[in-house]
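This report concerns only the one structure given below.
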Amino acid sequence: MIIAVDFDGTIARTTFPEIHGEVPYARSSMQWLRDNGHYLIVWTCRRGRDLLDAVNWMLEHNIPFDRINDECPSQIKIFGKRDYGKVYADVYIDDRNAGGFPGWKEVLKSINN
């Protein structure tokens, strides 16, 4: 599956633009997803220096991802390069979901079902 994951409040604990550490189980959950064949797109509203800070933080903390704010290559092959402001994904993981973010353990349970 293609999975889009928000950065602020889902991967990292933040008070935008500051980054205060990892949301519990974010790295290990994202690593499990990637190890099990899922394609991970970090989908964030951050731009410019704030985006660079997030990317560098993920690299320093070994947070796995395949793309940032960009389509999966398989989707580009099918539909061409689009710029709709929203990436295609089978699943979107975001702390602003209706009902709030249930935590990574619940997310993994849901994806496994």
Side-chain angles (χ1 to χ4, degrees):
M1 282 194 297
I2 300 169
I3 302 174
V5 184
D6 180 42
F7 180 76
D8 293 285
T10 306
I11 296 172
R13 293 180 293 107
T14 63
T15 307
F16 184 83
E18 291 85 21
I19 301 170
H20 302 292
E22 179 186 330
V23 168
Y25 306 105
R27 187 195 57 74
S28 60
S29 297
M30 290 178 69
Q31 187 65 58
W32 186 91
L33 290 167
R34 199 158 184 231
D35 289 347
N36 284 275
H38 300 289
Y39 193 89
L40 302 178
I41 300 172
V42 175
W43 182 41
T44 180
C45 293
R46 286 177 175 252
R47 298 289 182 261
R49 180 65 191 184
D50 295 326
L51 179 58
L52 183 60
D53 289 345
V55 170
N56 286 335
W57 183 87
M58 288 187 292
L59 292 171
E60 290 167 7
H61 291 86
N62 298 312
I63 306 283
F65 60 91
D66 296 294
R67 300 277 253 216
I68 298 177
N69 293 340
D70 196 16
E71 299 286 342
C72 176
S74 65
Q75 293 298 305
I76 294 170
K77 280 184 185 177
I78 296 168
F79 300 108
K81 185 72 173 159
R82 302 173 293 173
D83 187 17
Y84 299 134
K86 181 176 181 180
V87 298
Y88 169 82
D90 298 299
V91 173
Y92 297 87
I93 302 172
D94 194 316
D95 64 313
R96 299 296 180 164
N97 290 328
F101 182 60
W104 279 99
K105 288 183 177 184
E106 288 301 314
V107 166
L108 290 181
K109 282 182 197 174
S110 178
I111 289 173
N112 281 327
N113 291 333

CE (Met30) and CD (Glu22) are apart, to the nearest 0.5 Å, by 9.5 Å

Self-check item: Main-chain N/O of Pro17 paired with Arg46 side-chain donor or acceptor, under 3.5 Å
Solution: yes

> Are Val91 and Tyr88 linked, directly or through other ILVMFWY residues, by side chains that come within less than 4.5 angstrom of each other?
Replying inline: no

Original post:
Is the closest side-chain heavy-atom distance between Lys109 and Asn112 below 4.5 Å?
Top reply: no

Quick one: does any side-chain atom of Asn97 pair with a main-chain N or O of Asp94 as donor and acceptor, under 3.5 Å? yes

Q.
Quick one: does any side-chain atom of Thr14 pair with a main-chain N or O of Ile19 as donor and acceptor, under 3.5 Å?
A. no

When rounded to the nearest 0.5 Å, the distance separating CG of Leu40 from CD1 of Ile93 is 8.0 Å

Distance col, row Asp6:CG vs Thr44:OG1, nearest 0.5 angstrom, shows 5.5 Å

Hits for side chain to side chain contact (heavy atoms under 4.5 Å, CB included) against Pro102, two or more places apart or cross-chain, chain-then-number order -> Glu106, Val107

Quick one about Asp90 and Tyr92 (side-chain donor to acceptor, distance below 3.5 Å, no hydrogens or angles considered), yes or no? no

Of Trp57, Trp43, Phe16, the one forming a ring-ring contact (aromatic ring centres under 6.0 Å, His included) with Phe7 is Trp57

If we ignore hydrogens and angles and just use 3.5 Å, is the side chain of Arg67 paired with the main-chain N or O of Cys72 as donor and acceptor? no

So does Trp32 get a backbone contact from the side chain of Asn36, meaning a donor-acceptor N/O pair under 3.5 Å? yes

When rounded to the nearest 0.5 Å, the distance separating CG of Asp50 from CD of Glu18 is 9.0 Å

Next item on the list: Side-chain contact test, heavy atoms from C-beta onward, threshold under 4.5 Å: evaluate it for Val23 versus Phe101 and give yes or no.
Entry: yes

Check your understanding: Considering residues, nucleotides and ligands other than Tyr25, do more than 12 of their heavy atoms fall under 6.0 Å from its OH?
Key -> no

d(His61 NE2, Asn56 CG) to nearest 0.5 Å is 11.5 Å

Q: Give a yes or no on whether a salt bridge exists between Asp66 and Arg34, defined as a side-chain N under 4.0 angstrom from a carboxylate O.
A: yes

| With hydrophobic residues grouped by side-chain heavy-atom distances under 4.5 Å, do Ile68 and Leu59 end up in a single group? | yes

#### Entry: Linked, directly or transitively: Ile63 and Ile41 (ILVMFWY side chains, under 4.5 Å)
no

Gln31 side chain to Pro64 backbone, donor-acceptor under 3.5 Å:
no

Nearest heavy-atom approach of His38 to Met1 is ND1-N, 3.2 Å

(Q) Do Ile2 and Val87 have side chains that approach each other closer than 4.5 Å (heavy atoms only, starting at C-beta)? (A) no

Smallest heavy-atom separation, Leu108 atom then Ser29 atom, equals CD1-OG, 3.5 Å

